[in-house]
**Student:** 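Let me give you the structure first, and then I'll get to my questions.
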Amino acid sequence: MDVSQYLGVFLDEAKEHIQNLNDSIMQLEEDPTNEDCINEIFRAAHSMKGMAGTMGYKHMQQLTHDMEDVFSDVRNGTLKIESSMIDTLFQCLDAIQAYVDNVTETQDEGDEENANLIQALADIRAGKSGGTVAAAAAEPAAKEAEPAAEQDDANQTGYNSIKIDDSIKGTIEDAQGQGKKIYGLNVKVQESCILKAARAFLVFKGIEEVGEIVASEPSTQDIEDEKFEFDFSLIISTEEEKDKIKEIVLGVSEIESCEIADFDPNGSAAAEKEAAPAEAPAAPAAPAPKKEEASKPAPAPKKEAAPAAGNNKKAVGKPVVNRTVRVDIEKLDVLMNLVSELIIAKNSLISAANTSGISSDVNEQIEYLESVTTNLHESVMKVRMVPIESVLQKFPRMIRDLNKSLGKKMELTMTGEDTEMDRTVVDEIGDPLMHLLRNSADHGIENDSNLRAERGKPEVGQIFLHAFQDGNSVVIEVGDDGNGIDAEAVKNKAIEKGIMSREQADTLTEKQAVELLFHPGFSTAKQVSEISGRGVGLDVVKSKVESLSGEVDVKTKLGEGSTWIIRLPLTLAIIQALMVVIGDEKYAIPLDSIQSIEDISPQDLKFVENKEVINLRGNVTPIVRLNEVLDIDSEKSPDEDLIVVITKKGEQFVGLVIDELMGQQEIVIKPLGKYINKCKMISGATILGDGEIALILDTNALV
């Protein structure tokens with residue numbers, strides 16, 4: 001069977017399960033007795049194993065199967081969580097991630113068997129005290145042997161051979177009390193089938209969509225490990241009729257036959273055999289299963305868990321399937337481009353309406369079109385917005401690993417994980433944030449716990465990441481309560497690297513000295529490490545943030561800590577802008593960077609250090625004449641009042657002098673391409689309603 005059509009779904013779900021396992025194992029390390037966490041890990045590993053087996057990835061299936069075995073022992077109380085076990089489990093997750101990465105690139109998991117990890121998991125299971133291992137190993141075998149012996153005596157086969165213990169009987173009684181039907185199924189897979197375990201798995205998934213598997217023979221473990229011939233039997237509870245169940249089973253390809261009958265745990269074998277009619281085959285129609293349900297067959301025998309699982313599936317699970325859909329990001333990009341073109345067409349129509357006389361009816365329709373277009377844009381933007389949580393999820397595990405590798409005690413606190421940003425921005429911001437967090441762990445937090453005590457700080461170093469929305473921007477703050485940045489050390493390093501002379505360094509303020517850290521190749525680390533920077537400095541962070549039309553700043557105090565502040569736009573496609581005229585050319589200034597617009601008399605201009613400034617409500621604000629920066633002849637007389645657009649970058653205000661205001665407009669950002677990317681003050685261009693091109697000014701570069 002060609003499973004390549006399911007590759008995208010497999011990769012998406014595999015990444016979710018890996019992240020779920022990471023989070024759960026982190027939680028388990030802090031609270032080894034958390035049963036909910038243990039069950040969640042077992043379910044996720046079970047689902048990963050089933051998915052890998054279905055796709056034919058044997059190495060991944062084997063590794064996740066062995067992880068599942070470990071947690072099966074933990075659930076049974078025959079194995080306790082230890083620190084060394086956690087380290088091994090994280091190494092297993094890294095190996096599984098490597099498999100997934102290989103599948104992403106080549107559709108093949110690779111040849112790495114990870115025998116050392118499989119042996120380590122076996123050693124963990126073998127480390128149980130006394131004769132528990134032998135007993136635990138013998139117990140499943142005994143359970144499988146007992147029903148066979150009993151039923152052989154009674155000459156019973158198929159679902160009649162399944163031993164009905166008190167737990168299973170209680171589950172059946174609970175289901176009957178809820179008005180559900182109990183069926184026995186004998187399923188046979190075609191002998192020509194190559195992936196018989198995958199077929200059985202799909203049968204399980206299909207049945208669980210409409211009911212619950214109470215018991216199976218062989219066990220679900222053996223079935224999924226292909227430890228069966230071509231027959232297996234099930235006892236299920238459901239609200240559906242037998243025809244529907246049989247239709248689902250036969251809907252899975254390479255299933256040869258399905259025998260189904262009412263099942264009575266108290267009835268005789270002969271009566272059950274008589275009650276097993278040969279049903280007429282129906283048209284196959286296997287429903288799409290949910291990924292969470294792959295794990296349910298294993299814990300089904302637990303009396304208290306089974307009814308709850310079934311109830312939750314009916315009440316909660318179904319709406320999720322009906323109300324969500326996975327959409328390729330490229331399709332959203334196409335949709336965004338179409339909306340962008342629609343906005344350009346709308347602006348052209350408005351421009352034409354303003355320059356020619358039109359009736360009031362046409363004008364009303366244009367206004368209605370403008371309203372609909374704006375709402376459409378907002379709706380598309382909401383579809384593209386995703387929580388930043390998808391990027392932040394991997395950081396707690398990273399800090400946990402750094403705790404061990406650096407020998408420091410550190411703790412990561414994160415807030416604002418539900419803050420939403422455009423998907424393209426979220427995809428790109430992960431690496432800069434990881435770099436800053438590694439810097440905080442390596443350079444920020446003190447190596448000496450005694451030094452922290454002298455400074456009145458707790459023994460555990462605090463690293464934080466806060467995300468929040470501020471107007472049309474998202475602000476992400478990354479920092480620590482460690483050493484802070486030594487401005488003098490930065491200056492000395494700059495002199496050592498030949499970036500500036502001692503005289504130039506002495507004229508720098510503390511803020512200017514700290515900003516030298518963004519210089520390409522600059523690093524204050526005495527020894528290059530694999531933890532942070534590897535000697536490349538923070539220029540990669542700044543260049544990446546600026547490529548996303550954002551800005552990065554730093555606040556620091558020696559001995560108290562540092563905070564890196566990243567400000568990013570919510571979207572990179574369509575923005576509100578102030579249209580201005582400079583000379584005979586039109587420009588756009590992003591509205592979210594503008595604080596106010598002022599009329600300034602030429603007499604109010606002052607000079608500080610030979611630079612023009614104005615006194616704006618008690619604050620000295622430098623001004624920039626855009627006609628001089630852009631090399632354009634201004635058409636305004638020197639005696640006229642100046643139109644000054646006050647913009648803000650971080651805590652700094654700057655006034656931009658323009659010739660004329662055109663008004664606010666919704667514009668579509670068009671990239672200029674690689675041939676004009678060296679002009680830092682221009683971030684892109686837009687097409688105006690009259691067809692003209694206007695450049696978009698990057699106020700961060702101008703400030």
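What you see is a predicted model; the values in this text were computed from it and never measured. Scope of the values below: all heavy atoms of this structure, side chains included, with no hydrogens, waters or symmetry mates.
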**Student:** Considering residues, nucleotides and ligands other than Asn375, do more than 12 of their heavy atoms fall under 6.0 Å from its CG?
**Tutor:**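 Atom CG in Asn375 is packed in, count exceeds 12.
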**Student:** Are the side chain of Gln19 and the backbone of Gln393 linked by a donor-acceptor contact shorter than 3.5 Å?
**Tutor:**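 Flag set: sc Gln19 to bb Gln393 pair under 3.5 Å.
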**Student:** Calculate, to the nearest 0.5 Å, the distance between atoms NZ and CD1 belonging to Lys636 and Ile643 respectively.
**Tutor:**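 Result: 4.0 Å between the selected atoms.
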**Student:** Any donor-acceptor pair under 3.5 Å linking the side chain of Ser601 with the backbone of Asp641?
**Tutor:**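 Side chain of Ser601 to backbone of Asp641, a donor-acceptor pair under 3.5 Å: no, none is there.
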**Student:** Do Asn627 and Ser634 get their side chains close enough for a donor-acceptor pair, meaning under 3.5 Å?
**Tutor:**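 Judged by distance alone, the side chains do not pair up.
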**Student:** Side chain of Ser543, backbone of Val540: donor and acceptor closer than 3.5 Å?
**Tutor:**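 Side chain of Ser543 to backbone of Val540, a donor-acceptor pair under 3.5 Å: yes, one is there.
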**Student:** May I have all residue pairs that pass salt bridge (charged side-chain N to carboxylate O under 4.0 Å, His left out) and include part of residues 658-669, sequence neighbours excluded?
**Tutor:**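 Salt bridge (charged side-chain N to carboxylate O under 4.0 Å, His left out) check on residues 658-669 returns Lys346-Glu666.
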**Student:** Side-chain contact, heavy-atom cut-off 4.5 Å: Thr686 with Ile669?
**Tutor:**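 Counting from C-beta outward, Thr686 and Ile669 never come under 4.5 Å.
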**Student:** Looking at Thr556 and Ile485, would you say the former's side chain and the latter's main chain have a donor-acceptor pair under 3.5 Å?
**Tutor:**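 Pair found, side chain donor or acceptor close to backbone of Ile485.
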**Student:** Could you tell me whether Asp23 and Lys394 have a side-chain N and a carboxylate O separated by less than 4.0 Å?
**Tutor:**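 Between Lys394 and Asp23 there is no salt bridge, as every charged N stays at least 4.0 Å from the carboxylate O atoms.
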**Student:** Roughly how far apart are Ile565 CD1 and Leu436 CG, rounded to 0.5 Å?
**Tutor:**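 If I round to the nearest 0.5 Å, the distance is 11.5 Å.
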**Student:** Apply side chain to side chain contact (heavy atoms under 4.5 Å, CB included) to Ala588 and list each qualifying residue two or more places apart in sequence or on a separate chain.
**Tutor:**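 For Ala588 the side chain to side chain contact (heavy atoms under 4.5 Å, CB included) partners, ignoring immediate neighbours, are Ala577, Met579, Ile667, Ile696.
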**Student:** Is the shortest side-chain N to carboxylate O distance from Glu510 to Lys491 below 4.0 Å?
**Tutor:** no
**Student:** Using modelled atom types only, decide if a donor and an acceptor are shared between the side chain of Asn619 and the backbone of Thr621 within a distance under 3.5 Å.
**Tutor:**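 Side chain of Asn619 to backbone of Thr621: no pair is present.
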**Student:** Please report, to 0.1 Å, the donor-acceptor pairs under 3.5 Å made by any side chain of residues 329-338, with sequence neighbours excluded.
**Tutor:**
from: Asp333; atom 1: OD1; to: Arg384; atom 2: NH1; distance (Å): 2.7
from: Asp333; atom 1: OD1; to: Arg384; atom 2: NH2; distance (Å): 3.4
from: Asn337; atom 1: ND2; to: Asp333; atom 2: O; distance (Å): 3.3

**Student:** Measure across Val554 and Lys511 and return the closest heavy-atom pair with its distance rounded to 0.1 Å.
**Tutor:**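 Minimum heavy-atom separation between Val554 and Lys511: O-NZ, 4.3 Å.
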**Student:** Report the relative orientation of the aromatic rings in Tyr57 and Phe10; use parallel for angles under 30°, tilted for 30 to 60°, perpendicular for over 60°.
**Tutor:**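 Ring orientation, 0 to 90° scale: tilted.
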**Student:** Please confirm whether the backbone N or O of Val425 pairs with a side-chain atom of Glu428, one donor and one acceptor, at under 3.5 Å?
**Tutor:**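 No: the side chain of Glu428 does not pair with the backbone of Val425.
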**Student:** Is a side-chain donor or acceptor of Asp481 paired with a backbone partner of Gln462 at a separation under 3.5 angstrom?
**Tutor:**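 Confirmed, Asp481 side chain pairs with Gln462 backbone.
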**Student:** Are any side-chain N or O atoms of Asp480 and backbone N or O atoms of Ile463, one a donor and one an acceptor, separated by less than 3.5 Å?
**Tutor:**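 No.
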**Student:** What closest approach, in Å, do Pro622 and Val613 show between heavy atoms, and which atom pair accounts for it?
**Tutor:** CA-CG1, 3.8 Å
**Student:** Minimum heavy-atom separation for Met414 and Leu392, please, with both atom names.
**Tutor:** CE-O, 3.6 Å
**Student:** If I compare all heavy atoms of Ser593 with all of Pro590, which pair ends up nearest, and what's the gap?
**Tutor:**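 Heavy atoms only, the tightest pair is OG-O, 2.9 Å.
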**Student:** Mind checking whether Phe464 and His466 have ring centres under 6.0 Å apart?
**Tutor:** yes
**Student:** What pairs with Thr374 under side chain to side chain donor-acceptor pair (under 3.5 Å), at least two apart in sequence or on another chain?
**Tutor:** none
**Student:** Which atom pair, heavy atoms only, marks the closest approach of Pro432 to Lys544?
**Tutor:**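 Closest heavy-atom pair between Pro432 and Lys544: CG-CG, 3.3 Å.
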**Student:** For a quick test of reading the model, state the closest non-hydrogen atom pair linking Val581 to Lys586 and the distance between them.
**Tutor:** CG2-CG, 4.4 Å
**Student:** Just verifying a value: how many Å separate Ile429 CD1 and Met434 CE, rounded to the nearest 0.5 Å?
**Tutor:** 12.0 Å
**Student:** Taking side chain to side chain donor-acceptor pair (under 3.5 Å) as the definition, give me every residue that meets it alongside Asp101, ordered by chain and number, with sequence neighbours left out.
**Tutor:**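 Asp101: side chain to side chain donor-acceptor pair (under 3.5 Å) contacts with Gln97.
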**Student:** Checking Ser596 side chain against Ile646 main chain: does a donor-acceptor pair fall under 3.5 Å?
**Tutor:**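 Judged by distance alone, no pair lies under 3.5 Å.
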**Student:** With sequence neighbours excluded, what pairs up with Asp94 under the salt bridge (Lys or Arg N to Asp or Glu O under 4.0 Å) test?
**Tutor:**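 Residues passing salt bridge (Lys or Arg N to Asp or Glu O under 4.0 Å) with Asp94: Arg397.
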**Student:** Got a second to check how far Leu578's CG is from Thr647's OG1, nearest 0.5 Å?
**Tutor:** 11.5 Å
**Student:** Assess the side chains of Glu16 and Asn20: does a donor N or O sit below 3.5 Å from an acceptor N or O?
**Tutor:**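 Note: Glu16 and Asn20 side chains miss the donor-acceptor criterion.
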